[in-house]
Amino acid sequence: MVPTERALDLVMQVLSRRTFDYSDEKRCQVEIAEHFESLSLNVEREHNFGTGIGVCDFFFPQSGIVVETKAYKSWSKKQVYRQCERYCKQPSVTGLILATGKAQGLPAFIHGKPVRVYQLGRSALQ
Amino acid sequence: MARKLYGEITYDARRSLWVLRDLPPHVAMRLKQIFTKLSPTETNPFRITDTDTNAADIQWFMERYPLKISLSDKRRLNRDARRFYQHQVEAERILMPDAAPTERPGLKPGQALRRYQKQAIDLAEKMKSLIILDDVGLGKTYEGLGLALMDNALPLVIVCQPHLQTQWREKAEKFIDLTVHAPQGNTPYSLPASDIYIFKYTQLAGWIDTLCAGWVRAIAFDEIQELRHGDTTGKGAAAEKICQAVRNAEGYMVGLTATLIYNYGVEAFNIVNMLRPGVLGSRDQFMREYCDMTSGKGIVKDPSALGSFLQEALMVLRRTKSDVGQEAKQEAPYLHWVNPNERAVTEAEELAASLAITTLTGSFQEAGMASREFDMRMREMTGIAKAHEAAAFTRMLVESGQPVVLFGWHREVYEIWNRELADLKPAMYTGSETTTQKEQSKKAFIDGETDILIMSLRSGAGTDGIQYRSSTLVYGELDFSPLVHKQCGGRLDRDGQPDPVYAYYVVTNFGSDPVLIDILGLKQSQSDGIHDPGVTTEREQSDPDRIKRMARAYLESKGIEIPQEKDHQDTEETPTEDQLALI
C-alpha cells in the first residue's frame with residue numbers, strides 16, 4: 001500500500017490538474033467526480049460513515065484518503081474543522097484533504113492523521 | 001379546423017416589447033419556464049423584449065400554444081424570427097473553415113489581414129454590433145483597423161486606453177491606406193477631416209457632443225472591458241450615448257477584447273447592453289435569469305449558459321489561439337510559496353490593526369471606509385511581506401540569464417524591489433511614471449540596458465514590443481482579477497515571441513493572498529464559462545525541473561555548493577498511471 005503522505009501528494013497533484021467552478025458546491029463536486037472518473041481512480045462518491053459522523057464527499061478506500069469539498073460561501077470554520085475531525089476519527093480514514101473555495105487553515109494532523117488544504121482558487125493563477 | 005387559442009399577443013411599439021395576455025395558468029407557468037427572465041411571481045400580461053432571439057422563441061412557443069395576433073404583428077414577429085435564423089445561417093457560412101472571406105481593398109502595400117481576421121470583419125458587418133473576444137495576441141488591433149474597410153463605415157472612431165493611442169495611430173499609419181487623426185486633450189476643437197479618429201477613453205466625456213452629432217458611421221472600443229461598469233462611470237455614460245447616436249445612424253459598434261469581464265458576470269451585461277440593448281433583457285431580467293440573487297454581486301450562476309447564449313445571439317465572436325492554428329507560448333505557471341518577512345510588516349501591521357478595530361467598531365460610514373482601507377493595507381502588507389523574496393527570486397532568474405518583467409502594485413513594494421535590486425538598475429513602468437517615462441523604460445528594457453522591467457499590474461495592457469526581449473514574468477503581487485494576470489501574460493505571449501513564456505507567482509499562505517486566491521478562482525470560473533462555454537479547463541503541468549535547473553545555474557554562477565535535493569511534498573509534477581492506481 002502507498003504511504004498516506006504520498007497518497008495525499010498524489011491526490012493534491014490530481015486536483016491541481018483541472019480548474020473547478022466552486023461558485024456552486026454541487027457543481028464543483030460533480031466536476032471533481034468527473035475528473036477522478038476520467039483518470040479511472042478508485043474512489044467512492046458520498047461515502048457514508050454512519051449516523052452522527054456524516055457523509056464525506058469522496059473516499060479512496062484503498063488508501064483511506066477523504067476529500068471534503070467546500071464551495072465559496074461563508075462556512076463556519078469551526079464546523080468545517082469538526083466535520084474533518086469526525087472523519088479523521090474513523091479507523092478506515094488515514095488522511096484528509098479539504099478542497100476549499102474559502103481559505104481556511106487546518107492543523108497538520110487531526111487525531112494523528114495527516115491533513116492538507118487544497119485551495120481550489122490556485123488554478124486561477126495561470 | 002381552427003386550433004384553440006390560449007391568449008393574445010400584441011406588439012408595444014413605444015417600448016419595443018411583445019405583450020402576452022389572457023394566458024391560462026398552466027400556459028403562463030410554461031411561458032415562465034421558457035422565458036426565465038420573467039419573474040416567477042409575474043402574472044398576466046407578460047412583457048418580453050423585442051429581440052430577434054426572443055421572436056424566434058415566441059414563434060416556437062406559439063406553435064404549441066397558439067395566441068391571437070394581428071396580421072401586422074404577425075408579420076413583424078415572423079420577420080424578426082426569420083432574421084434570427086438568417087443570421088445563424090449567414091454566420092455559419094462566414095465562419096466555416098473553408099469559407100472565402102470578403103477581400104477588401106484599402107491596405108498599404110505589403111499589408112494583409114489574416115483569414116480569421118477577415119471573417120471577424122465580415123461578421124461585424126453582418127451583425128452591426130459585435131464583441132470580438134479573440135485570445136490575447138491574435139491581432140485585434142488589425143481587426144479593429146480592418147473595420148474601416150466595411151461598407152459605409154467611415155469615419156471610424158476607435159476608442160482605446162490612454163497609453164495605447166500612439167501605438168494605435170502608428171499601427172494605423174503603417175497598415176491601412178486611410179487618413180488617421182488622434183485628437184488631443186479633452187476640450188473639443190474643429191476636427192480635421194479624416195477617415196479614422198483614435199480617441200482615448202478618458203476623452204469620451206469631454207468630446208461627447210462632437211461624437212454624438214451623427215457623423216460617426218462606426219465605432220470600435222478597444223479593451224471594451226473598460227466599460228464594464230456600465231453608465232455608472234463618466235466614460236461608460238458617454239459611451240452609451242455615443243452608441244445610441246451611432247445606432248440611430250445605422251452604424252456599426254464593435255468591442256475588442258480578450259478579457260470581457262474582470263470580476264463577475266454582471267459586467268458582461270453592462271457591456272452587451274451598451275452595444276445591443278435588450279439582447280439580455282432588462283437589468284432586472286438579466287439578474288433574475290442568470291445571476292445568483294443571494295450574493296448581491298452579480299455573480300452569474302451558470303457562466304457557460306450565458307456564454308453560449310451570447311455566441312448563439314452572435315453578440316460574441318470568440319477564437320482561441322488553437323482555433324486559428326496558433327500555439328500559445330505560455331507554459332504552465334510556477335507557484336513560488338514564500339514565508340512572510342515579519343519584520344518588514346510590523347510597522348504596517350500596527351496601522352492595519354487600528355484600521356481593523358475601526359472596521360469593527362466605527363460608525364457605518366467610518367467602518368465602511370476603514371474596511372476598504374484595511375483591505376488595501378492588507379494587500380500592501382502582503383506585498384511588503386513577500387517583497388524581499390520576490391526580489392531575490394527575480395535576481396536568481398536574471399542572473400541565470402533571463403530578462404524579467406516583474407509585476408507589482410504598491411509603491412512601498414516597488415521601493416523594496418528597487419533597493420534590493422539596485423545593482424541591476426530596474427526600469428520602471430508603473431502608475432507613477434509619465435507616458436514618456438514609461439516609453440523610455442520600455443525602450444531601455446527592449447534595448448538591453450536593463451534586465452528588469454518593473455511594471456504595474458494595471459499599466460500597459462496591450463503594450464507591444466516587450467515580447468522581443470523577454471519571455472519570463474514574475475508576479476510579485478497578485479491582482480484581484482485573474483484577467484489582469486492574463487493581460488499581463490499577453491504582453492509577453494504575443495505575436496513575435498520566439499520562446500516559451502514562463503510565469504512565476506510569488507505567493508504566501510499568509511496575509512491577503514489566500515483570500516485573493518479564492519476570489520481569483522471564482523472570477524476565473526465566471527470568465528471561463530462566458531468566454532468558452534462548456535469547455536473543461538485542463539491545467540498544463542509546470543515543469544518542476546526548469547526552476548531547479550535555474551537554481552542550480554544560479555548557485556554555480558555564484559560558486560555556491562549545490563545542496564542535495566530533498567523530496568518536496570507539494571510539487572505539481574504529473575502522477576503516472578501506476579502511481580494513480582495506488583491511491
Side-chain angles (χ1 to χ4, degrees), chain A residues 1-24 27-28 31 34-36 38-43 58 60-65 67 70-74 95 97 100-105 108 114 116-126, chain B residues 264-265 292 294-295 299-304 330 332-335 475 478 481-483 485-486 489 503-505 507 509 512-529 536-542 567-577 579-583:
Chain A
M1 201 176 83
V2 64
T4 302
E5 294 279 358
R6 180 66 186 138
L8 286 170
D9 281 348
L10 288 169
V11 178
M12 296 275 277
Q13 285 160 18
V14 164
L15 287 170
S16 73
R17 284 166 67 173
R18 226 195 95 169
T19 57
F20 305 104
D21 180 359
Y22 53 88
S23 59
D24 178 89
R27 188 183 310 143
C28 182
E31 288 184 3
E34 284 171 359
H35 180 50
F36 285 163
S38 73
L39 295 168
S40 308
L41 299 186
N42 177 14
V43 63
F58 299 96
F60 291 86
Q62 190 171 256
S63 56
I65 302 292
V67 176
K70 288 290 168 226
Y72 183 82
K73 64 179 190 182
S74 299
I97 293 171
T100 178
K102 195 87 181 169
Q104 158 153 19
R116 304 273 173 85
V117 177
Y118 180 77
Q119 250 192 293
L120 292 161
R122 272 171 57 165
S123 58
L125 302 179
Q126 52 186 289
Chain B
Y264 301 116
D292 170 12
T294 57
S295 73
I299 297 177
V300 168
K301 284 178 293 195
D302 188 344
S304 280
Q330 185 167 324
Y334 173 83
L335 306 190
Y475 296 97
L478 297 180
S481 166
L483 282 310
H485 297 147
K486 192 178 168 86
Y504 299 93
Y505 286 89
V507 281
N509 268 323
S512 62
D513 272 5
V515 180
L516 272 180
I517 289 171
D518 287 342
I519 295 170
L520 286 168
L522 187 66
K523 292 178 176 175
Q524 184 69 47
S525 309
Q526 294 271 292
S527 102
D528 281 349
T536 301
T537 315
E538 294 281 344
R539 271 194 71 204
E540 293 291 321
Q541 296 301 291
S542 55
D567 281 344
H568 197 276
Q569 291 194 327
D570 190 16
T571 58
E572 292 194 359
E573 59 198 81
T574 311
T576 63
E577 273 186 37
Q579 287 172 324
L580 292 178
L582 296 172
I583 304 177

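Remember, predicted model here, so these are calculated numbers, not experimental data. Lettering of chains follows the sequences in order, A, B, ..., and the numbering in each one begins at 1.
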Tell me which of these, A/Ala71, A/Ser40, A/Gly105, A/Ala103, has more heavy-atom pairs under 4.5 Å with chain B than the rest.
A/Ala103

For chain B, which of A/Ser23, A/Gly101, A/Gly64 has the most heavy-atom pairs under 4.5 Å?
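When all of A/Ser23, A/Gly101, A/Gly64 are compared, A/Gly101 has the most.
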
Cationic N near anionic O, under 4.0 Å, A/Glu34 to A/Arg27:
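A/Arg27 and A/Glu34: not salt-bridged.
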
When the 4.5 angstrom heavy-atom criterion is applied to A/Asp24 and chain B, the contacting part is neither

Non-hydrogen atoms of chain B under 4.5 Å away: do they reach the side chain of A/Leu41, the backbone, both or neither?
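Side chain only.
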
Quick check: does any side chain N or O of [X] sit under 3.5 Å from a backbone N or O of [Y], one acting as donor and the other as acceptor?
X: A/Tyr118; Y: A/Val11; answer: no
X: A/Tyr22; Y: B/Leu522; answer: yes
X: A/Glu31; Y: A/Asp21; answer: yes

Contact winner vs chain A - B/Leu478, B/Leu520, B/Ile583, heavy-atom pairs under 4.5 Å
B/Ile583

Closest-packed option against chain A by number of heavy-atom pairs under 4.5 Å, given B/Gly521, B/Pro303, B/Pro482, B/Gly489:
B/Gly521

Can you list everything that forms a ring pair (Phe, Tyr, Trp, His ring centres under 6.0 Å) with B/Tyr475? Sequence neighbours excluded, please.
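Ring pair (Phe, Tyr, Trp, His ring centres under 6.0 Å) check on B/Tyr475 returns B/Phe407, B/His485, B/Tyr505.
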
Who are the salt bridge (charged side-chain N to carboxylate O under 4.0 Å, His left out) partners of B/Lys301, not counting sequence neighbours?
none

Region of B/Asp528 that comes under 4.5 Å of a non-hydrogen atom in chain A
side chain

